[in-house]
Amino acid sequence: ATNILKTANSSVYGTTTQITSLQRAIVRLGIKAVLGIVTHHALSSSVKGQESIRAVLDHSLHCALVSQKLAAMVGCNGEEAFTCGLLHDVGKTVLLSRLEDSKYTPETKDDLVKRFHAEAGVLLAVKWNLPDLVVEVIEHHHQPLKATKAHNIVEVVYLANYLLHQRDDQAEIEENCCNIDLTRVDFDQIQESIDQLANG
């Protein structure tokens with residue numbers, strides 16, 4: 001309940017009036033966002049002590065929230081963007097969990113996760129019978145130009161992820177986001193939201 005109220009009152013949603021009711025918070029966030037927050041909270045509670053997995057879960061929730069805000073700016077489906085942002089790095093959680101007790105060095109583990117998390121995520125998403133949209137975002141969230149169908153949502157999640165990693169190469173953004181209208185994105189407002197998320 002605390003996490004839902006905190007999120008509903010954050011600058012990510014551009015709130016001007018304080019929400020104190022869970023019902024109103026759920027209306028503001030949307031049911032998929034609420035389910036995402038609850039899932040994130042449950043998963044985070046279950047991986048105490050596994051800081052690397054917890055960090056991925058936190059980043060994924062932040063990516064979902066920023067993706068939803070970006071989607072509203074460029075005219076995409078916000079709930080789809082939230083869901084895809086939440087799941088874009090699911091392959092990392094799988095690989096980190098599998099590699100936890102391995103004898104690989106931390107550097108080797110990081111390299112394996114970085115190189116293969118998209119492929120692992122796609123395999124998991126297909127096994128779970130997730131929608132093609134989600135599978136495509138997981139597969140191409142680092143290289144949106146390779147997307148074949150859901151160009152707009154892939155680019156939204158790519159951009160959210162890119163900005164959350166504190167990258168700001170405008171030329172690279174423009175090269176990879178040719179299907180969404182970047183002139184409609186208020187980058188200062190997005191950065192303000194990212195800063196608030198980073199500060200808890």
Practice item. Tell me, please, which residues at least two apart from His62 pass side-chain contact (heavy atoms from CB on, under 4.5 Å). Key: Leu164, Leu197
Review point. What are the two closest heavy atoms between Val113 and Lys92, and how far apart are they?
Key: CG1-CG, 3.6 Å
**Study point:** Residues Leu86, Leu61; criterion side-chain contact (heavy atoms from CB on, under 4.5 Å); working and verdict
**Key:** CA-CA 5 Å; Leu86 191 67; Leu61 180 60; 4.2 Å; yes
Check your understanding: Quick one: does Ser97's side chain have a donor or acceptor within less than 3.5 Å of a partner on Thr93's backbone?
Key -> no
Revision key, fill the gap. Taken to the nearest 0.5 Å, the spacing of Asp58 CG from Cys63 SG works out to 12.5 Å
Review point. Going by heavy atoms in the side chains, are Leu163 and Ile173 under 4.5 Å from each other?
Key: yes
Review point. Quick one: are Asn152 and Val74 in side-chain contact, heavy atoms under 4.5 Å?
Key: no
Practice item. Take Glu155 and Cys178, measure what side-chain contact (heavy atoms from CB on, under 4.5 Å) needs, and give me the verdict at the end. Key: CA-CA 8 Å; Glu155 288 180 12; Cys178 48; 4.1 Å; yes
Practice item. Tell me whether Val134 is reachable from Val90 by hopping between hydrophobic residues (I, L, V, M, F, W, Y) whose side-chain heavy atoms are closer than 4.5 Å. Key: yes
Exercise for review: Go through Leu70 and Ile190 one step at a time and tell me if the side-chain contact (heavy atoms from CB on, under 4.5 Å) criterion holds.
Suggested key: CA-CA 8 Å; Leu70 283 167; Ile190 294 294; 3.7 Å; yes
Exercise for review: Find the distance between OH (Tyr162) and NE2 (His142) and round it off to the nearest 0.5 Å.
Suggested key: 12.5 Å
Exercise for review: For the residue pair Gln166 and Ile194, establish whether any side-chain heavy-atom pair is separated by less than 4.5 Å.
Suggested key: yes
Review point. If Ile, Leu, Val, Met, Phe, Trp and Tyr residues are connected whenever their side-chain heavy atoms lie under 4.5 Å apart, and connections chain through other members, are Ile138 and Tyr158 in the same group?
Key: no
**Study point:** ILVMFWY network linking Leu87 to Val56, side-chain heavy atoms under 4.5 angstrom
**Key:** no
**Study point:** Ring-ring centroid check His59 His88, cutoff 6.0 Å
**Key:** yes
Review point. Do Val156 and Leu182 share a hydrophobic cluster (ILVMFWY, side-chain heavy atoms under 4.5 Å, transitive)?
Key: yes
Point to revise | Exercise: identify the closest heavy-atom pair between Ser67 and Gly85 | key: OG-CA, 4.1 Å
Review point. So, the side chain of Asn176 versus the backbone of Glu172: is there a donor-acceptor pair under 3.5 Å, distance only?
Key: yes
Point to revise | Residues Phe187, Leu159; criterion side-chain contact (heavy atoms from CB on, under 4.5 Å); working and verdict | key: CA-CA 11 Å; Phe187 284 95; Leu159 183 56; 4.3 Å; yes
Exercise for review: Calculate, to the nearest 0.5 Å, the distance between atoms CG and CZ belonging to Asn77 and Phe82 respectively.
Suggested key: 12.5 Å
Point to revise | Separation between OG1 of Thr148 and NE2 of His151, rounded to the nearest 0.5 Å | key: 6.5 Å
Practice item. Inspect the surroundings of CG in Asp181 and state if more than 12 heavy atoms from other residues, nucleotides or ligands are less than 6.0 Å away. Key: yes
**Study point:** Sidechain-backbone polar pair: Glu80 side chain, Ile153 backbone, donor-acceptor under 3.5 Å
**Key:** no
Check your understanding: Within the side chain of Ser193, is there an N or O that forms a donor-acceptor pair under 3.5 Å with the backbone of Gln189?
Key -> yes
Point to revise | Leu96 side, atom CG; Ser52 side, atom OG - distance, nearest 0.5 Å | key: 4.5 Å
Would you tabulate the side-chain donor-acceptor contacts of residues 121-133 under 3.5 Å, counting partners in other chains and residues two or more places apart, or write 'none'?
none

Review point. If you measure from the Lys or Arg side-chain nitrogens to the Asp or Glu carboxylate oxygens, is any gap between Asp110 and Lys114 under 4.0 Å?
Key: no
Check your understanding: Taking Val157 as the fixed residue, which of Cys76, Pro144, Cys84 is the one that meets the side chain to side chain contact (heavy atoms under 4.5 Å, CB included) rule?
Key -> Cys84
Check your understanding: Which pair of heavy atoms, one from Lys109 and one from Tyr104, lies closest together, and at what distance?
Key -> CE-O, 3.5 Å
Exercise for review: Report the distance from atom NE2 of His141 to atom NE2 of His117, rounding to the nearest 0.5 Å.
Suggested key: 3.5 Å
Revision key, fill the gap. Contacts of Arg167 meeting salt bridge (charged side-chain N to carboxylate O under 4.0 Å, His left out) (sequence neighbours excluded), chain-then-number -> none
